[in-house]
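First the proteins, then the strands, lettered A, B, ... as listed; each starts at 1.
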Amino acid sequence: MLGKLIVRRIGKKLIIGKIVEVEAYCKNDPASHAFRRRTNRNDVMFWEGGCLYVYFTYGMYFCANVVTGKEGSGEAVLIRAVEPLAGIEVMTKNRFSNLKSYNHQSLINLTNGPAKFCESFGISRKENGLDLLDSEIIIIEGETIPSKMVKRSSRIGIQQGLEKKWRFFVKDNTWVSK
DNA sequence: ACCATGATCCGCT
DNA sequence: GCGGATCATGGTT
């Protein structure tokens, strides 16, 4: 998924981001929402791959995954960061409703984390379950990232499953979260 | 019913 | 580096 473009259409406007940081989750994985059982909350994660699984967390944030497995398998890839390519103005409005002037830091701060990405793309409950091949949000081919530019580490913000190096990111990209 | 927790972010120190 | 915000979820009682 690294290097692919996530595109959101809002009316006539397009928001585009290049995916630069992701994490993988699956059913046999104590860090995963799919670990225990299929519930109303994680149901979309068990759908056939190609749709968007959005969840609400910490009482105020949303995060988005691309579902990647067969129906029932419970596999998904969390989008942790994207590089903004188009629709900066809309993203800025979504994220900082009263920001007057852009600067370097505000551009980075737009999408350098999973909940920041969702906020700038306007992704919340309504987008849960969307078909990424044919809806207002799609994923298309983008840049091919050379394998030597792909780095991996433990996943962020979890307690179990730290031995799995399932976080993947583009080396030296500015938008990769800290 | 109850309650601890969380795939986070932000502001302050 | 640390704690607070803020609440849906799900495991436990």
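- Here the P atom of nucleotide B:dA7 and the CD atom of A:E75 are 18 Å apart, to the nearest Å.
- Residues from residues 156-176 of chain A with heavy atoms under 4.0 angstrom of DNA chain C: there are none.
- Distance A:K178 NZ to B:dA7 P: 22 Å, rounded to the nearest Å.
- Rounding to whole angstrom units, CZ of residue A:F35 and P of B:dA7 are separated by 13 Å.
- On the P atoms, C:dT6 is 23 Å away from B:dC2, given to the nearest whole Å.
- A 4.5 Å side-chain heavy-atom check between A:F121 and A:E127 finds every atom pair outside the cut-off.
- Residues from residues 56-72 of chain A that place a heavy atom under 4.0 Å from any atom of DNA chain B, listed by number: A:Y58, A:G59, A:Y61, A:C63, A:N65.
- One atom, CZ of A:R80, and another, C1' of B:dT8, lie 9 Å apart when rounded to the nearest Å.
- Atom CG of A:N112 sits about 9.0 Å away from atom CD of A:E21, to the nearest 0.5 Å.
- Contact check for A:R80 versus A:F169: no side-chain heavy atoms found under the 4.5 Å cut-off.
- If you take CD1 of A:I123 and C1' of B:dT8, they are 16 Å apart, rounded to a whole angstrom.
- Both distances falling under 3.5 Å, in either a Watson-Crick or a G-U wobble arrangement, place B:dG6 opposite C:dC7.
- Residue A:R125 contributes atom CZ, which lies 11 Å from atom P of C:dC7 at whole-angstrom precision.
- Closest heavy-atom contact between A:V44 and A:C51: CG1-SG, 3.9 Å.
- To the nearest 0.5 Å, atom OH of residue A:Y61 and atom CZ of residue A:F56 are 10.0 Å apart.
- A salt bridge does not link A:E75 to A:K27: none of the charged side-chain nitrogens sits closer than 4.0 Å to a carboxylate oxygen.
- Among the protein residues, A:A31 comes within range of the nucleic acid bases, having at least one heavy atom under 4.0 Å from a base atom.
- Residue A:E21 contributes atom CD, which lies 10 Å from atom P of B:dT8 at whole-angstrom precision.
- Contact of the A:I123 side chain with the A:L52 side chain is registered, since non-hydrogen atoms from C-beta on lie closer than 4.5 Å.
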Could you pull out the protein-nucleic contacts involving nucleotides 10-13 of chain C (nitrogen or oxygen on both sides, under 3.5 Å)?
{"residue": "C:dG10", "atom": "OP1", "partner": "A:T39", "partner atom": "OG1", "Å": "2.4"}
{"residue": "C:dG11", "atom": "OP2", "partner": "A:R37", "partner atom": "NE", "Å": "2.8"}
{"residue": "C:dG11", "atom": "OP2", "partner": "A:R37", "partner atom": "NH2", "Å": "3.1"}

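- Without hydrogens or angle criteria, A:S120 side chain to A:T111 main chain gives no donor-acceptor distance under 3.5 Å.
- A donor-acceptor pair under 3.5 Å links the side-chain atoms of A:N42 to the main chain of A:T39, judged by distance alone.
- Across the protein-nucleic acid pair, A:K116 atom NZ and B:dA7 atom P stand 18 Å apart, rounded to whole Å.
- With rounding to the nearest 0.5 Å, the separation of CH2 in A:W166 from CD in A:E23 is 11.5 Å.
- In this structure, the side chains of A:N109 and A:R95 come closer than 4.5 Å at one or more pairs of heavy atoms.
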